[in-house]
Student: 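Can you read through this structure? Questions will come right after.
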Amino acid sequence: AFVKHGGSLVDDTKPIDEHSMPYFLIVIYDEITIQNWRTIDTTLSKKKFYQSLKAFNERQSANKVAFIQSLWLSECLKQKKYVQISSYELKADSDNNKQEDLKECTKRKNSDENVDNLKKPKISEQELMNDKKRIVKYQEEYKSDSDSSYCDDESTMGLSNKDFFELQLYSKSTNESWTCAHSSKEQTENLNEHITDKLEKMLTIYENKNEKYRALGYQKAILILKRHPKQIQSKEEALALPGIGKRIADKIWEILQTGDLRKLDEMSSREDTNSLKLFTDIHGVGPTTAHLFLTQGYRTLEDLKTKANLTRQQKIGLKYYDEFKQRIPRDEVSKIENKVKCAALSLKHGLIVQACGSYRRGQATCGDVDILITHPDRKSHKGIFTRLLNLLHEQNFLTDDLVVQEENCDNQCKYLGVCRLDEANSLHRRIDIIVVPYDEYACALLYFTGSTHFNRSMRHLARKLGLSLCEKSINKNVRRKGVEKVNTGERLV
DNA sequence: AGGCAGCGCAC
DNA sequence: GTGCGC
DNA sequence: GCCT
């Protein structure tokens, strides 16, 4: 499905509809299946509206294209069934004004015809094609993901169309942007790289300086900019985006004007900033420890190795410093997943072994490997954890342990460690293995697939709906007194 | 002015 | 209790 | 940092 938030089709002329009702553009392949749809900004001009309609109908000759009032959607949701669209359809010849527009559009099209097809500046059409390409590309990638356990992922990979509808509507009505309501399919290339590059540097600097929440602000802003479908041209344009306030808008303006960010140059030229970054890149070293090392006079990794007293984790982090910084190609993650899967299945039939994290989000490379394990019979996951780790150690697959976290044996078990495939030139990789009871599988899968920001957005949405979401369950009727939960409520999932 | 999640582990 | 990573 |  196409889902496009308003904004990209904004026109300076008058809105097509006074009572600010969003329209959906629907491509219908037959009477029942709605294959492609997207929301159209309410401020879309009449002209563009009918240009799009016409363009779509010409391009997709086999399919019918129509503009449908969003009211139709509400009805479908209310009645929990497909409602005939006919009475909600906006027909091109439904009134005089609109017909004129259509004629005008046709006329212009005819005169343009033999000039250059590509020259037709039909934004929506172009966007449609881009979206289509993206979807096809995504589907191919998804299919090539040849793993056996993949088919049952369809339902959990994303939300259903209906859920998207609801979230989109909700998002529209509250004028908020929910990351969790955006399909990963709609990702476009980053047109504001010149800005986000610099902001990302600011982000890591603040992270390393222990300014967690300032960094969080940068993170949100960067994500919004990357998702923005066009190049930011002015400060006002930036300021209008959710998650971008005055301070960052000012920085964007400076980058736009001068191509540089004085604050960034100043900060990154300071010697301590670089040492801080050097140290926090060690697994187990955070901002506080990095700063401590700095005050102790250490400047290089060699200093740490010889002089500093390090925790067990930090020693491992240092040992594999260069290897952990390397991204892991998808196919290697796939091999690692398979390795663990084979080991697990040799212990117990029917175990579900699934790599999550960025791998499951379809990224080309990953920072680490998250593997989630459960058993559908609701009991066989018990006792697997320790035996599996032992086996993988025996196979010399696991080389170092960072944390072995064993809650009660029937609950979640989490392992953080290091692994290496038995192949020439294989690097040591960070791996997390989590065993969960089947009841918690859904939430665990959601949580460990992320992204972090997606999870934040989901939690926030849950809270807003009177629910609470964590890696184990989703609860309702949660009463809070400040941060303290008075009532954990009842479990939904 | 206060929230931006909340947990278990190492130390 | 704090720092850290998830 | 931003948002409510």
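Keep in mind that what you see is a predicted model, and the values were worked out from it rather than measured. Convention: sequence-line order gives letters A, B, ...; per-chain numbering from 1. Below, each value reflects all heavy atoms present in this structure, side chains not excepted, and no hydrogens, waters or symmetry copies.
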Student: Indicate, with a heavy-atom threshold strictly under 4.0 Å, whether A:Lys212 touches base, sugar-phosphate, or nothing.
Tutor: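 Nothing, no heavy atom under 4.0 Å.
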Student: So, does A:Glu471 use its side chain to make a donor-acceptor pair with the main chain of A:Tyr447 at under 3.5 Å?
Tutor: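 A pair under 3.5 Å: no.
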Student: Do A:Thr258 and A:Asp260 pass the side chain to side chain donor-acceptor pair (under 3.5 Å) test, and can you show the C-alpha distance, the side-chain angles, and the key distance before you say yes or no?
Tutor: CA-CA 5 Å; A:Thr258 67; A:Asp260 279 310; 5.3 Å; no
Student: Base, sugar-phosphate, or nothing: which does A:Lys472 touch, judged by heavy atoms less than 4.0 Å apart?
Tutor: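 Answer is nothing: A:Lys472 stays at 4.0 Å or more from every strand.
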Student: Roughly how far apart, to the nearest Å, are B:dA5 and D:dC3 at atom P?
Tutor: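 Here B:dA5 and D:dC3 have their P atoms 16 Å from each other.
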Student: To the nearest Å, how far apart are A:Gln405 CD and B:dC9 P?
Tutor: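 Rounding to the nearest Å, CD of A:Gln405 and P of B:dC9 are 5 Å apart.
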Student: Rounding to a whole Å, what distance do you find between A:Ile224:CD1 and D:dC3:C1'?
Tutor: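 Interatomic distance, CD1 of A:Ile224 to C1' of D:dC3: 13 Å.
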Student: Over all heavy atoms of both residues, which pair between A:Leu398 and A:Ile431 is shortest? Give the atoms and the distance, please.
Tutor: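 Shortest heavy-atom contact: CD2-CG2, 4.0 Å.
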Student: Picking from C:dC4, B:dC4, B:dA10, which would you name as closest to the side chain of A:Tyr213?
Tutor: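 Ranking C:dC4, B:dC4, B:dA10 by closest atom to the A:Tyr213 side chain puts B:dC4 first.
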Student: Give the nucleotide from the list B:dG8, C:dG3, B:dA5 with an atom nearest to the side chain of A:Thr288.
Tutor: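 Comparing B:dG8, C:dG3, B:dA5 against the side chain of A:Thr288, the answer is C:dG3.
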Student: Within this structure, what is the CG-to-C1' distance between A:Leu292 and C:dG3, rounded to whole angstrom?
Tutor: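 Computing the A:Leu292:CG to C:dG3:C1' distance gives 11 Å.
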Student: Please tell me which of the listed nucleotides, C:dC4, B:dA5, C:dC6, lies nearest to the side chain of A:His283?
Tutor: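 Between C:dC4, B:dA5, C:dC6, the one nearest the side chain of A:His283 would be C:dC6.
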Student: Just how far, in rounded Å, is P of B:dG8 from CZ of A:Phe385?
Tutor: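 Distance check: A:Phe385 CZ to B:dG8 P gives 15 Å.
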Student: Is the phosphate of C:dC4, meaning OP1 or OP2, less than 4.0 Å from a side-chain N or O of A:Thr289?
Tutor: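 Looking at the OP1 and OP2 atoms of C:dC4, one of them is under 4.0 Å from a side-chain N or O of A:Thr289.
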Student: Need one value for A:Tyr218: base, sugar-phosphate or nothing, where a base atom within 4.0 Å counts as base even if backbone is also close, heavy atoms only.
Tutor: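 It contacts sugar-phosphate atoms only.
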Student: At under 4.0 Å, does any side-chain N or O of A:Arg463 touch on OP1 or OP2 of B:dG6?
Tutor: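 For A:Arg463, the contact criterion (side-chain N or O under 4.0 Å from OP1 or OP2 of B:dG6) is met.
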Student: Does A:Asp370 use its side chain to pair, donor to acceptor, with the backbone of A:Cys356 at less than 3.5 Å?
Tutor: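 Not at all, since once roles are kept as given, no pair shorter than 3.5 Å links the two residues.
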Student: Nearest to the A:Arg312 side chain among C:dC4, C:dC6, B:dC11, which nucleotide is it?
Tutor: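 Nearest listed nucleotide: B:dC11.
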Student: Is A:Arg459 near enough to B:dG6 that one of its side-chain N or O atoms lies under 4.0 angstrom from OP1 or OP2?
Tutor: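 The answer is no; no side-chain N or O of A:Arg459 sits under 4.0 Å from OP1 or OP2.
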Student: Does this structure show an ion pair linking A:Arg420 with A:Glu323, if we count only N-O contacts that are shorter than 4.0 Å?
Tutor: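 Looking at A:Glu323 together with A:Arg420, the answer is no, because their closest N to O distance does not fall below 4.0 Å.
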Student: Checking contacts here: which listed nucleotide (B:dC11, C:dC6, C:dC4) is nearest the side-chain heavy atoms of A:Asp432?
Tutor: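 Looking only at side-chain atoms, A:Asp432 lies closest to C:dC6.
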Student: When all nucleic acid strands are considered with a 4.0 Å heavy-atom cut-off, which category describes A:Ile244: base, sugar-phosphate, or nothing?
Tutor: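 Sugar-phosphate only.
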Student: Quick one: A:Gln314 CD to C:dG5 P, roughly how many Å, whole number?
Tutor: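 So the two atoms are 9 Å apart, to the nearest Å.
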Student: How far apart are the C-alpha atoms of A:Asn208 and A:Thr273, what are their side-chain angles, what is the distance that settles it, and do they pass the side chain to side chain donor-acceptor pair (under 3.5 Å) test?
Tutor: CA-CA 8 Å; A:Asn208 297 338; A:Thr273 308; over 6 Å; no
Student: Rounding to a whole Å, what distance do you find between A:Asn210:CG and C:dT2:P?
Tutor: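 That distance rounds to 13 Å.
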Student: Taking the side chain of A:Tyr447 as its heavy atoms from C-beta onward, which of B:dA5, C:dC4, B:dC11 lies nearest to it?
Tutor: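 Nearest to the side-chain atoms of A:Tyr447, counting from C-beta on, is B:dA5.
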Student: Consider the side chain of A:Leu216, meaning its heavy atoms from C-beta on, and name the nucleotide among B:dC9, D:dC2, B:dC4 that approaches it most closely.
Tutor: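 Looking only at heavy atoms from C-beta outward on A:Leu216, the closest nucleotide is B:dC4.
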Student: Heavy atoms from C-beta onward define the side chain here; which of D:dC2, C:dC4, C:dC6 lies closest to that of A:Ile248?
Tutor: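 For A:Ile248, the side-chain atoms sit closest to D:dC2.
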Student: Starting at NZ of A:Lys464 and ending at P of D:dC3, how long is that distance when rounded to a whole Å?
Tutor: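 For the pair A:Lys464 NZ and D:dC3 P, the rounded distance is 13 Å.
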Student: Which whole-number value in Å describes the distance from A:Gln412 CD to C:dC6 C1'?
Tutor: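 Atom CD in A:Gln412 sits about 11 Å away from atom C1' in C:dC6.
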